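Reading through the structure tokens given below for one structure.
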Amino acid sequence: MDHGENPVSIELQEPAEPVPQLLKLISSNEVAGFDSIMQEGETPVFPNPTNSSQPNGHQRKLSISISMPSSPTGATSAGTKNVLFVQDNAKGFKNGVPESCVGSKAKPKGVKFLSQPMPKGSVFGEGANMNQNPNVKKFKDKRFDSFKTWSGKLERQLTNLRGRQQESESEDDSVRPSENEALPVDRYFDALEGPELETLRASEEIVLPDDKTWPFLLRYPISSFGICLGVSSQAIMWKTLATATSTKFLHISLTVNLILWWISVALVAIVASIYLTKVILYFEAVRREYYHPIRVNFFFAPWISLLFLAIGVPPSVASSLPVALWYVLMTPFLCLELKIYGQWMSGGQRRLSKVANPSNHLSVVGNFVGALLGASMGLKEGPVFFFAVGLAHYTVLFVTLYQRLPTNETLPKELHPVFFLFVAAPSVASMAWANIQGSFDYGSRIAYFIALFLYFSLAVRINFFRGFKFSLAWWAYTFPMTGAAIATMRYSSAVTNVVTQTLSVILSVVATLTVTALLVTTILHAFVQRDLFPNDIAIAISDRKPKSHRRWFNLNRHGSSEHNADIDTFLKFANGDAKDIEAALKISSAETK
């Protein structure tokens, strides 16, 4: 202690009451005589008394010393002592000794242990500076807690166990959005723009930080399953090339189908595992994707990929599949369709005329793929049921999108590749009906010719598909081209000639080159440019509309009709010119008279 402090006496007493909680962080200067063992009869040396020149009212923090035993064996409950910190002139004490103890014949203790207080930079002090570490701050960033499945509850429980004070509930409420209410579809249209509603409008704000890169799972979209669609459909195409009668002259080996099928299985397993981890850890982000008017259609993609794997399974792996597998794979389709098709028909916020976009074809094409697989297994009623459901909703969707009923506007340039989704449903439907009927009859040919015409109407417009930015969702638009090639091979087997065989080869080459180009582009963006998974702004929009600025001109709190007319007149005529403002005022006053 410094000379400016009041001298402090330390006495050991038998405990009469619980020991008060000591301070966590204690700082003091080294004092002669501390951390020493005094033999019986010795007196500890303390600093000089208070300096009389010190001004009144000036207080110094008293240093505290804790008596500790010399060994762990001495720390027994019987030997526990209370430490009293008493100033020399305190009432009831004389020279630091209680008056009740003066003159007592109690024998003095043999040894006293005086330990030096902990200096600054101790364990407690270091713990206080841990929050200054940027890595610790990044690890404890609570701005993402609102999207976590447990919303940081586990971290708060661990914090309480360590004895740290829990943050106030008001701060948590300000960070965490309303988790029990789903965002209305109007918020997505109001807050987002772009071909796939993935760009934030300038007037909007997001609930996640925009100054840093988000965790990978938050940036991993459901549209990643489009990669599985493109590759697994290629496995089906090469299997058809090797087994179709019209393409036997190509002498394609089933080894290509085997390699592509195993690659597809690996891709589906990897993509599904990553997204399943996202469902477990960031369920709020998955829920926001489900309510997104465009992303919701990609929730059919995982199950369509599994159907593709079942259809394209190599003969060396399995010659036939169990019938129960078809019921297992089609159950999710039925559940999703009851939800989504019901919203289309109910006339609510998510009616078809309001949310229709080309990606809705993903919710329809699954019916035809399921009918194709079921018919190839020998089933009858189930495939016909899903074929009928798909045909009805494809007709309504085709008319809605063909006339652009929701907005009456042309699709933006970045969405031109999605036009190929128009080809997917009729292509697969022609093959499904051929399996149901047992031959490529007139019903199958009508659906195939519709798909072929739509394909050619898009293929001749080369400039229609140039000059736009790469998107991961394009993978979902590759399997329609592959489906058209497979349907052409099936038609060529029914009507075999040079034209149909040549067309089969050309469409197969185009589909393979398209998938290869997309694969190379995806690898470049993932490992070279490292921008394949940017921050997913579409799931981070706020549930509240941005606050509009108050009108300052002649504002009336009661909102009378006269002042409202003045405001409207001013906004109509005022263009930043003083004359216009005066004219607006004159017109408004003349109208009120």
Side-chain angles (χ1 to χ4, degrees), residues 131 133-156 167 171-179 181-183 187-188 190-227 270-296 298-299 301-302 469-475 522-544 546:
N131 292 331
N133 191 337
N135 295 328
V136 176
K137 286 185 177 180
K138 183 177 180 181
F139 179 76
K140 296 183 178 180
D141 194 347
K142 296 186 176 181
R143 291 180 290 181
F144 301 103
D145 286 354
S146 59
F147 282 78
K148 292 182 179 179
T149 303
W150 295 283
S151 299
K153 294 180 181 178
L154 179 61
E155 290 84 349
R156 289 197 296 270
E167 295 184 357
E171 295 179 357
D172 292 342
D173 295 339
S174 62
V175 176
R176 187 180 300 111
S178 57
E179 299 180 358
E181 298 180 0
L183 291 178
R187 282 299 300 142
Y188 290 98
D190 294 341
L192 300 172
E193 58 183 358
E196 298 174 1
L197 291 182
E198 80 289 355
T199 305
L200 188 70
R201 296 184 185 272
S203 60
E204 294 287 339
E205 297 179 354
I206 59 176
V207 297
L208 294 180
D210 56 354
D211 57 344
K212 61 185 297 185
T213 302
W214 300 350
F216 172 72
L217 293 178
L218 281 178
R219 297 181 285 113
Y220 194 78
I222 185 65
S223 56
S224 301
F225 282 97
I227 303 176
I270 294 173
V271 175
S273 300
I274 296 175
Y275 200 80
L276 182 61
T277 306
K278 179 179 180 179
V279 173
I280 297 174
L281 299 180
Y282 295 98
F283 183 76
E284 176 63 20
V286 177
R287 191 178 70 153
R288 284 175 173 247
E289 282 192 299
Y290 176 76
Y291 287 108
H292 192 282
I294 293 179
R295 297 280 182 88
V296 63
F298 285 90
F299 280 85
K469 187 179 179 181
F470 169 78
S471 174
L472 188 64
W474 288 6
W475 276 99
T522 303
I523 294 175
L524 290 177
H525 281 274
F527 300 103
V528 179
Q529 301 181 11
R530 298 182 180 273
D531 59 352
L532 184 62
F533 300 107
N535 290 345
D536 194 3
I537 304 297
I539 65 171
I541 61 174
S542 175
D543 57 347
R544 301 179 181 88

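None of these values were measured; they are calculated from a predicted model.
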(request) Heavy atoms only: give me the nearest Ala540-Phe147 pair and the separation to one decimal. (result)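 Shortest heavy-atom contact: CA-CZ, 4.2 Å.
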
Give a yes or no answer on whether the side chain of [X] reaches the backbone of [Y] with a donor-acceptor pair at less than 3.5 Å.
X	Y	answer
Asn535	Pro209	no
Arg187	Ile541	no
Arg295	Ser223	no

(message) Would you compute the distance between atom CD of Gln529 and atom CG of Leu524 and round it to the nearest 0.5 angstrom?
(response)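 Going from CD on Gln529 over to CG on Leu524, the span is 7.0 Å.
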
(request) Look up atom NE2 in His525 and atom CZ in Phe533, then write down how far apart they are to the nearest 0.5 Å. (result)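 Going from NE2 on His525 over to CZ on Phe533, the span is 12.0 Å.
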
(request) Could you please spell out the steps behind the side-chain contact (heavy atoms from CB on, under 4.5 Å) verdict for Leu472 and Leu532? (result) CA-CA 7 Å; Leu472 188 64; Leu532 184 62; 3.9 Å; yes

(request) For residues Leu200 and Glu205, determine if any side-chain heavy atom of one lies less than 4.5 Å from a side-chain heavy atom of the other. (result)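 No. Closest side-chain heavy atoms not under 4.5 Å.
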
(message) Between Arg201 and Glu204, does any side-chain N to carboxylate O distance fall below 4.0 Å?
(response)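 Looking at Glu204 together with Arg201, the answer is no, because their closest N to O distance does not fall below 4.0 Å.
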
(message) Taking the basic N atoms (NZ, or NE/NH1/NH2) and the acidic carboxylate oxygens, is any pair closer than 4.0 Å for Asp536 and Arg288?
(response)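 A salt bridge is absent here (no side-chain N lies under 4.0 Å from a carboxylate O).
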
(request) Compute the centroid of each ring, for Phe298 and then for Phe225, and state whether the two points are separated by less than 6.0 Å. (result)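 So the answer is no for these two rings.
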
Using atom types as modelled, flag every donor-acceptor pair under 3.5 Å from a side chain in residues 273-280 to any protein atom, sequence neighbours excluded.
from   : atom 1 : to     : atom 2 : distance (Å)
Ser273 : OG     : Ala269 : O      : 2.6
Tyr275 : OH     : Glu289 : OE1    : 2.6
Thr277 : OG1    : Ser273 : O      : 2.8
Lys278 : NZ     : Tyr220 : O      : 2.6
Lys278 : NZ     : Glu289 : OE1    : 3.2

(message) Is there a side-chain hydrogen bond (donor to acceptor under 3.5 Å, both in side chains) between Trp475 and Ser224? Walk through the geometry before answering.
(response) CA-CA 8 Å; Trp475 276 99; Ser224 301; over 6 Å; no

